[in-house]
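Worksheet: the structure to be examined is printed underneath.
Counting starts at 1 for both ligands and their atoms, in listed order.
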Amino acid sequence: MTKLKYGIIGWPVKHSRSPQMQMSAFQALNIDARYDLIPIKPECLATGIKELITKGYSGWNVTVPHKTNILPFLDETETTAKVCGSVNSVIVRDGKSFGYSTDGYGLQMSIKESFSIGIKGKTFLFWGSGGAATAVSAHFVNSGAEEIILVNRTLEKAQALKQKLQVVSTKTNVKIYHPSQISELASVTKTVDVIIQSTSVGLNTEDPISIPKELLIPSLNLVDMIYSETILLRAAKKLGCNAIDGKGMLLHQGAKSFEIWTEREAPVKVMRNALKS
Ligand code: ATR
């Protein structure tokens, strides 16, 4: 049998940790496969995808800036991913491409693992309403979250995300705040189950803190979707919050992609160790 081909597309893509994680899983299960870093310029996305199919790729992950733009070039996309317009995993079956989003599942598992909190009936506050929040919040609505609170400096973007979420389900209550509404947010944060920092603030080490310290009360459950330890995480831990970075989400979204591709249970322990090394 020929070697199976998988990979990750993005621009840039060279910093991705997915190859080490996915290769460890293929090796652990004795699957003869490779996982490539595939840089594709935004303007070359359509041809890039055709090429992947011609070259016999069985599937691939999708990272920025292609998560939304890839949708028109796929044959089919899972409903939740389609509504929010975000795909991070593609599988090819009989030459046809199918898009999925496993980011929300990844975040769900990370929250469950670290805080023992499920989604159903719970309240989540997303700090930010850009691509990262969009990619995961639809899964939270789909999984029965009681309330989603969106906090964003550009209210129109939060409004647009709210509309998308309400297409997924009207059962989840969605509220919007501007980050300047500190006193309202101070009472809101006392009642939320988890705060999820989803802005890009903190990606650069010289960035200011993304969420004001006044809101970081002891015992608050906080996820910063950024993979490294941000100034927010350091402050939150000091103030007694239960705070985690985005590595757990990275692990579990990758595990789910692996399961979609192989239809086998992902060796999560092996993948976690590979990410650590
Ligand atoms: P994307 O393409 O994923 O939307 P982005 O433009 O970096 O990426 O924005 C991601 C999120 O970070 C958004 O919620 C954005 O807020 P706006 O919608 O108001 O632009 C937020 N964000 C980016 N820079 C920010 C900053 N300096 N302060 C506050 N929020 C910021």
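When every heavy atom of Met21 is checked against every heavy atom of Leu251, the shortest pair comes out as SD-CA, 3.8 Å. Listed here is the closest heavy atom pair of Leu185 and His178: CD1-O, 3.7 Å. Among all heavy-atom pairs drawn from Gly118 and Phe124, the shortest one is O-CZ, 3.6 Å.
Below 3.5 Å of separation, one finds an N or O of Ser200 facing an N or O of ligand 1. Between Gly128 and ligand 1, a contact under 3.5 Å exists for no N or O pair.
Ranking the protein heavy atoms by distance from atom 20 (O) of ligand 1 puts Arg153 NH2, 3.0 Å first. Atom 18 (O) of ligand 1 has Asn152 ND2, 2.8 Å as its closest protein atom, hydrogens excluded (heavy atom only). The nearest heavy-atom contact from the protein to atom 6 (O) of ligand 1 is Lys157 NZ, 4.0 Å. The single protein non-hydrogen atom nearest to atom 13 (C) of ligand 1 is Gly130 N, 3.7 Å, given as residue, atom name and distance.
Remark: ligand 1 atoms within the under-4.0 Å shell around heavy atoms of Gly131 are 1 (P), 3 (O), 4 (O).
The one candidate from Lys67, Gln108, His252 that meets the side-chain hydrogen bond (donor to acceptor under 3.5 Å, both in side chains) condition with Asp103 is Lys67.
Using a cut-off of 4.0 Å between Lys/Arg side-chain N and Asp/Glu carboxylate O, Lys96 and Asp94 are scored as not salt-bridged. Between Glu229 and Lys237, at least one side-chain N (NZ, or NE/NH1/NH2) sits under 4.0 Å from a carboxylate O, which counts as a salt bridge. A salt bridge links Glu113 with Arg272: at least one charged nitrogen is closer than 4.0 Å to a carboxylate oxygen.
Distance remark: protein heavy atom present below 4.0 angstrom from atom 30 (N) of ligand 1. For atom 2 (O) of ligand 1, no protein heavy-atom neighbour is present inside the 4.0 Å cut-off.
Between Tyr6 and Phe26, the ring planes lie parallel to each other; the angle is under 30°, not in the 30° to 60° tilted range.
For Thr199, heavy-atom contacts with ligand 1 shorter than 4.0 Å involve the backbone as well as the side chain. Of all the heavy atoms of Thr154, the ones lying under 4.0 Å from any atom of ligand 1 are found in both the backbone and the side chain.
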